[in-house]
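Quick notes on the structure that follows.
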Amino acid sequence: MLVPASSVRRTGDCGPWAVVVLAGEVDLCLVPELREVIDALTAEDRAWLVLDLEQVTFMDSSGLGVLVYGIRGAEALGGGLRLAGPGGQVRRLLELTGLDGVVEVYEDVAGACKAPGQ
């Protein structure tokens, strides 16, 4: 079985939202790269972030930790973070940890890119 390469890629903006696409495994190896992207966006005062998780095949506790880090960074600027398209394992992890009650989760990026407060 071919395992997709893990990656973090900033794709641009969708309205006020900065969209970041994650792929593969969001684990201890990928977390530093994702943290750098979040830090770069918040340094630019980008307060509204969408993480596209559609291509994520696995997430561990370090991945959850960087999600919380992103939430806190965005909220510190008066914004927020939304998740788009989490698959089976990731969705279960969000539910088991209760993080799905802390962060807004959408089926796709288009839904997540609604204007803040809509």
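The first residue of the sequence shown is numbered 1, and numbering continues consecutively from there. These numbers come from a predicted model, not from an experiment.
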List in chain and number order the residues that pass side chain to side chain donor-acceptor pair (under 3.5 Å) with D60, two or more places apart in sequence or in another chain; answer none if no residue qualifies. S62

According to salt bridge (charged side-chain N to carboxylate O under 4.0 Å, His left out), who are the partners of D13, at least two apart in sequence or on a separate chain? R10, R46

Quick one: salt bridge (charged side-chain N to carboxylate O under 4.0 Å, His left out) partners of R91, sequence neighbours excluded? E107

Please enumerate all residues that pass side-chain contact (heavy atoms from CB on, under 4.5 Å) together with [X], with sequence neighbours excluded.
{"X": "V8", "answer": "V20, L22, L30, E33, L34, V37"}
{"X": "L77", "answer": "T42, D45, A47"}
{"X": "Q89", "answer": "F58, M59, R92, L93"}
{"X": "T11", "answer": "R9, V19, V21"}

Examine [X] and [Y] and state if one hydrophobic cluster contains both, with Ile, Leu, Val, Met, Phe, Trp and Tyr joined whenever side-chain heavy atoms are less than 4.5 Å apart.
{"X": "L41", "Y": "L83", "answer": "yes"}
{"X": "V103", "Y": "V26", "answer": "yes"}
{"X": "V90", "Y": "V102", "answer": "yes"}
{"X": "L51", "Y": "V56", "answer": "yes"}
{"X": "I38", "Y": "L28", "answer": "no"}

Do you know the tightest heavy-atom contact between P32 and C29? CD-O, 3.7 Å

Sequence neighbours excluded and cut-off under 3.5 Å, please list the side-chain donor-acceptor pairs for residues 64-72, or say none.
unit_1: Y69; atom_1: OH; unit_2: D39; atom_2: OD1; d: 2.3
unit_1: Y69; atom_1: OH; unit_2: D39; atom_2: OD2; d: 3.3

Flag the pair C14 / V50 as yes when at least one side-chain heavy-atom distance between them is below 4.5 Å, and no otherwise. no

Look up atom OG in S6 and atom CD in Q55, then write down how far apart they are to the nearest 0.5 Å. 11.0 Å

